[in-house]
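As the structure is a prediction and not an experimental result, all values here were calculated from the model.
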Amino acid sequence: FALGGGCELAMMCDILIAGDKAKFGQPEINLGVIPGAGGTQRLTRAIGKAKAMHMCLTGEMMDAAAAERAGLVAKIYPADELVDEAVKMAA
């Protein structure tokens, strides 16, 4: 899970890859606050205003496949292959 600050930290990366079981979200609204650390700006740039507003104002999560379709994630790998693929990409 990459929720709240974890999602914001992930969006700071140059290339975002995810395991097939990953979930992304900005659930701060459930606590009565809005995302900090640039979450609202980065998410809007990554997936567009409509989807970003929906995620920020409802607290709904996005699975890995939806994140890839929306442009938040560059590539999805099976969870058990993710680290090996990330190391290959970085080499």
Side-chain angles (χ1 to χ4, degrees):
F1 289 89
L3 303 176
C7 187
E8 292 161 12
L9 183 61
M11 289 188 288
M12 292 178 198
C13 297
D14 294 323
I15 300 173
L16 185 54
I17 61 173
D20 56 355
K21 306 265 190 273
K23 303 258 189 227
F24 299 87
Q26 297 290 320
E28 291 91 338
I29 195 73
N30 298 320
L31 301 172
V33 296
I34 64 168
T40 54
Q41 295 89 356
R42 284 188 181 91
L43 190 60
T44 301
R45 279 188 227 119
I47 67 172
K49 181 183 174 195
K51 287 183 183 190
M53 291 292 287
H54 180 79
M55 287 180 71
C56 290
L57 297 177
T58 65
E60 277 188 30
M61 289 187 278
M62 182 181 283
D63 66 16
E68 185 180 35
R69 283 192 306 272
L72 181 61
V73 171
K75 192 118 170 111
I76 299 172
Y77 294 101
D80 60 336
E81 298 174 18
L82 181 61
V83 173
D84 292 336
E85 293 296 333
V87 170
K88 273 199 279 190
M89 187 180 290

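A pairwise comparison of heavy atoms in G19 and L82 identifies N-CD2, 3.5 Å as the closest pair. In this structure, A74 and I15 approach most closely via the heavy-atom pair CB-CG2, 4.1 Å. Residue A70 comes nearest to K51 through the heavy atom pair CB-CD, 4.2 Å, listed as atom of the first residue, atom of the second, then distance. The nearest pair of heavy atoms linking A52 to I47 is N-CD1, 3.6 Å.
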L43 and F24: CA distance, side-chain angles, deciding distance, side chain to side chain contact (heavy atoms under 4.5 Å, CB included) verdict: CA-CA 11 Å; L43 190 60; F24 299 87; over 6 Å; no
E28 and I34: side chain to side chain contact (heavy atoms under 4.5 Å, CB included), yes or no, with the steps? CA-CA 6 Å; E28 291 91 338; I34 64 168; 5.9 Å; no
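From M11, atom CE reaches atom OG1 of T44 across 8.5 Å, with rounding to the nearest 0.5 Å. In this structure, CE on M53 lies 13.0 Å from CD on Q26, to the nearest 0.5 angstrom. Rounding to the nearest 0.5 Å places CD1 of I17 at 4.5 Å from CE of M89. If you take SG on C7 and NZ on K23, they are separated by 13.5 Å, rounding to the nearest 0.5 Å. Here the straight-line distance linking atom CD of E85 with atom CD1 of I76 works out to 13.0 Å at 0.5 Å rounding. Distance check: R42 CZ to T40 OG1 gives 9.5 Å after rounding to the nearest 0.5 Å.
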Which atom pairs, one a donor and one an acceptor, fall under 3.5 Å between side chains of residues 54-66 and the rest of the protein, sequence neighbours left out?
unit_1: H54; atom_1: NE2; unit_2: E60; atom_2: OE1; d: 3.2
unit_1: H54; atom_1: NE2; unit_2: E60; atom_2: OE2; d: 3.4
unit_1: T58; atom_1: OG1; unit_2: H54; atom_2: O; d: 2.6
unit_1: T58; atom_1: OG1; unit_2: E60; atom_2: N; d: 3.2
unit_1: D63; atom_1: OD1; unit_2: A65; atom_2: N; d: 3.3
unit_1: D63; atom_1: OD1; unit_2: A66; atom_2: N; d: 2.8

